[in-house]
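Everything below concerns the one structure shown next.
A, B, ... follow the sequence lines: proteins, then strands. Residue 1 opens every chain. Keep in mind the model is a prediction, meaning the values are calculated, not measured.
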Amino acid sequence: MTPARPCDVYLEMKKRLEAHLRDVLKARFDLEVEAIPVEIPPDLQFGELATPIAFELARKLRKAPKMIAQEIVAVLGGLEGFAGFEVAGAGYINARLDRSAAVRTIASGEGQAAASGLHSLVEHTSINPNKAAHIGHLRNAILGDTFVRLLRASGQKVDVQNYIDNTGVQVADVVVGFLHVEKLTLTQIQNLVGAYNSGRRSDAEKLGAEYRISPVPRTFDYLCWDVYARVSQWYASGTEEEQKQRKDLRYATLHEIEHGGNETAHVAELISTAVLRRHLETMLRLGIEYDFLPRESEILHLRFWEAAFGLLKESGVLYFENEGKNKGCWVMTRPGAEVAEGAVDEDAKVIVRSNGTVTYVGKDIAYHLWKFGLLGRDFGYKPFFAYPSHECWISAEQGETEHPHFGGAQAIYNVIDSRQSDPQANVIQALRGMGHTEQADRYTHFSYEMVALTPRCAIDLGYDVAEEDRSRPYIEVSGRKGFGVKADDLIDKLIAATRAEVDARQTSRDEAERQRIAAQIAIGALRYFMLKYTRNSVIAFDFKDALSFEGETGPYIQYAVVRIRNIFRKGGTTAEAALAELAGLTELAESLAGAENEDIWALWLRAGRRSLVLEQSIATSEPAYLAKHAFQLAQEFNNFYHKHHILTEEDPARKTFLLATAAVALRELVTVLGWLGIESPEAM
RNA sequence: GCGCCCGUAGCUCAGCUGGAUAGAGCGACUGACUACGAAUCAGUAGGCCGGAGGUUCGAAUCCUUCCGGGCGCACCA
């Protein structure tokens, strides 16, 4: 069997050094050390790897760290792939790699991960299908989609799910909006959806005028955005009596939708399906695809809860409360709660209300039992949306007889914003309580902070910003108030901006090609923008930052790729050929030594770090690490590019080496950008 | 009141399970296009890492506490 990641010298060398140190410590000093710390030094002058192990051993051995380090170095001997070890500072042991050997390994590496055998399920996007997607949803989808790509790159089999809450209160609200505020009939709604779906804007406008809807936005999800804002306002306006009636109407509508099989439910289905289709189209513009769309309506109608309820009662996770404020409910103990023996847990989480209906967390427990294959029930499946390479399926009460199998995963990741960490913790707690500890351990709430608007951005967009909000660092987006930046608007704006730049530079390319390049750059800019921040940092959105194409941005990295491609184009050769030629060079050491080559060595080293960063990214669920890695790689290449002129190099061996350096940078940049869902344009 | 997150350069953010002189981008100021395209590069200025204690050979990182900000704590979803 071939090694999983032959090109990753860092990962390989780190493991080798750890193992060697462990052996030496055992054999020569009779020391068993659990974890040997091996780190990457802050500067290349300290070598490529280092360990502060001597500091840790100082107390135990009652000796100065520096002496211990010297003793260890004295017996380390030679290790394949390393040029030597030395003591530095107060007791660091620095390791220097055999640079030529490392370069050859990196150059030859394919970097393909072997299948890990792990089957994971990632749930992301999960937008309520009642309005257009906004920038907050983009962060979710881009984080989720990128993480899917990372898991797949590491060899996992991954199913991508987008959960659709098509029977919730948000859908009910827009149904109320269409039926009772806009006062449309089922037939009229059907006509409107049909006109929008056919793509003929003029038809939608004609109907809009006839039905007295104004303004008539360009797409159906945009219309819903407006209707949702109007109905929210409608609920809050009017007399007290009217408000009560409207609230009653809201919940009556919700219950009809949940129950199904009536006209209101039919309207809800019509609207939510049309909006869902728009969400898929929006996300596809960013290269985001799904495998399966489980819907709440099927979780209800296929009685997932019934099955889960039985299991929960059996395992004792749920108990019936006879006393206190939750009297008459089925409840569960919250994670971390400590309740005295015999006392009533007033703080318990209600799962089944005293009227017998189940709460959101209850339904979520059922759904997650299904995800792990522990429920004993399954959805029906129907094809819903065709991508060029595969079909996206949707849940159905009665599905096709032939269908792929979803669920039954070994590990799951839920990309859900941090405000939902309590309910997520409840679900995990329930799984653990049922004895599914392994599943509970492999349940990751992939949480992230919201995207908010800077006050300046909100004012620029024409929203009323209260005086007290103007001094705040950011203002939360609100679909209810219609307050936010719609995803498609942002994408359009980005494409227009990149198009202007492309037009200025690519005068000889035709219209279609320019548009394609502009889109690639715009999507690259957007995806990178959403990925450069770590998950628990609130993004205060501003067009100035998002529309920036300089510095730490997607286009900066793409530009490095284009530069490398230009070198090979002008040089009449290819990256593959350059790497093949490198193998024929007998002497590399000279090109890698000395201060004037330090930047080249740094670039090779960075190139040899991909799998290490991937591993860290997955372990911490932090795609930002890989985004940063891509940027640093591009930065180091640009550095190299300015310092060494490749095509005019006269020494043929040196030129081959420089070309190979560019080739490896290209290979790494394209690979890592691909993991981030960012395309590498041919020109820009 | 309880829980979670955050506070690092003028601004926006990195800083991995504690480790060597605290980094990047933007902005400001200097410079570099008859070069493989300057969406680039080089340089300068800019930091009691919110405050105070503690643990440690060593703390931006761990613990305690205080201050300042955000978000959760429903028989809503």
TODO: Would you state whether a donor and an acceptor, one from the side chain of N94(A) and one from the base of A20(B), lie under 3.5 Å apart?
DONE: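 It does, because a donor-acceptor pair links the side chain of N94(A) to the base of A20(B) below 3.5 Å.
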Open item on the list: With hydrogens left out and only the distance checked, is there a donor-acceptor pair under 3.5 Å joining T359(A)'s side chain and the base of C75(B)?
Closed with: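 Check fails, no donor-acceptor contact within cut-off.
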Is the shortest distance from a Lys or Arg side-chain nitrogen in [X] or [Y] to a carboxylate oxygen in the other one below 4.0 Å?
X: E596(A); Y: K643(A); result: no
X: E650(A); Y: K655(A); result: no
X: R250(A); Y: D173(A); result: yes
X: K363(A); Y: E296(A); result: yes

Pick base, sugar-phosphate or nothing for [X], based on heavy-atom distances below 4.0 Å to the nucleic acid.
X: S418(A); value: nothing
X: V538(A); value: sugar-phosphate
X: E296(A); value: sugar-phosphate
X: H644(A); value: base
X: R505(A); value: base
X: A50(A); value: base
X: N566(A); value: base
X: Q45(A); value: base
X: V502(A); value: base
X: L254(A); value: nothing
X: K325(A); value: base
X: K327(A); value: base
X: Y556(A); value: sugar-phosphate
X: N128(A); value: nothing

Open item on the list: Please determine whether the number of non-hydrogen atoms from other residues, nucleotides or ligands lying under 6.0 Å from atom NE2 of H642(A) exceeds 12.
Closed with: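 More than 12 heavy atoms, drawn from other residues, nucleotides or ligands, come within 6.0 Å of this atom.
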Open item on the list: Tell me if the CZ atom of R514(A) is crowded by more than 12 foreign heavy atoms within 6.0 Å.
Closed with: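 Buried by this count: over 12 neighbours within 6.0 Å.
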TODO: Could you pull out all residues at least two apart from E622(A) that satisfy salt bridge (charged side-chain N to carboxylate O under 4.0 Å, His left out)?
DONE: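 With sequence neighbours excluded, E622(A) shows a salt bridge (charged side-chain N to carboxylate O under 4.0 Å, His left out) to R535(A), given in chain and number order.
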Task: Partners meeting salt bridge (charged side-chain N to carboxylate O under 4.0 Å, His left out) with K14(A) (sequence neighbours left out) - done: E18(A)
Pairwise [atom1] distance for [N] and [M], with rounding to whole Å:
N: G54(B); M: G58(B); atom1: C1'; result: 15 Å
N: U61(B); M: A52(B); atom1: P; result: 12 Å
N: A22(B); M: G18(B); atom1: C1'; result: 15 Å
N: U64(B); M: U55(B); atom1: C1'; result: 11 Å
N: C5(B); M: A39(B); atom1: C1'; result: 36 Å
N: U21(B); M: U34(B); atom1: P; result: 43 Å
N: C49(B); M: C62(B); atom1: C1'; result: 16 Å
N: C73(B); M: G10(B); atom1: C1'; result: 38 Å

Open item on the list: Rounded at 0.5 Å granularity, tell me how far NZ in K66(A) sits from CD in E71(A).
Closed with: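 One gets 14.0 Å once the value is rounded to the nearest 0.5 Å.
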Task: Stacked cation flag R563(A) on Y641(A), 6.0 angstrom / 45 deg - done: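 Here R563(A) passes the 6.0 Å and 45° test against Y641(A).
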- [ ] Could you work out which one of A77(B), C75(B), C5(B) sits closest to the side chain of V350(A)?
- [x]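 Of A77(B), C75(B), C5(B), C75(B) is nearest to the side chain of V350(A).
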TODO: When you get a sec, tell me which of G70(B), A42(B), A20(B) is the closest nucleotide to the side chain of M450(A)?
DONE: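 Among G70(B), A42(B), A20(B), the one nearest the side chain of M450(A) is G70(B).
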Which atoms of nucleotides 25-29 of chain B (N or O only) lie under 3.5 Å from a protein N or O atom, and what are those distances?
unit_1: G25(B); atom_1: OP1; unit_2: Q635(A); atom_2: NE2; d: 3.2
unit_1: G25(B); atom_1: O2'; unit_2: E552(A); atom_2: N; d: 3.4

Task: Parallel, tilted or perpendicular: ring planes of Y251(A) versus H255(A), cut at 30 and 60 degrees - done: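 Rings of Y251(A) and H255(A): tilted, 30 to 60°.
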- [ ] May I have all residue pairs that pass side chain to side chain donor-acceptor pair (under 3.5 Å) and include part of residues 538-548 of chain A, sequence neighbours excluded?
- [x]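 Matches after skipping sequence neighbours: T454(A)-D542(A), R456(A)-D542(A).
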Task: Syn-anti status, with the boundary at 90° from 0, for the nucleotide C33(B) - done: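 Syn conformation for C33(B).
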Task: Under 3.5 Å: donor-acceptor pair, side chain of S478(A), backbone of F483(A) - done: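 No; zero donor-acceptor contacts below 3.5 Å.
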TODO: Give each stem of RNA chain B as a range with a range, requiring at least 3 consecutive Watson-Crick or G-U wobble pairs whose two distances are under 3.5 Å.
DONE: B:1-7 with B:67-73, B:10-13 with B:23-26, B:28-32 with B:40-44, B:50-54 with B:62-66
Protein-nucleotides 57-59 of chain B N/O pairs under 3.5 Å:
unit_1: C57(B); atom_1: OP1; unit_2: R59(A); atom_2: NH2; d: 2.3

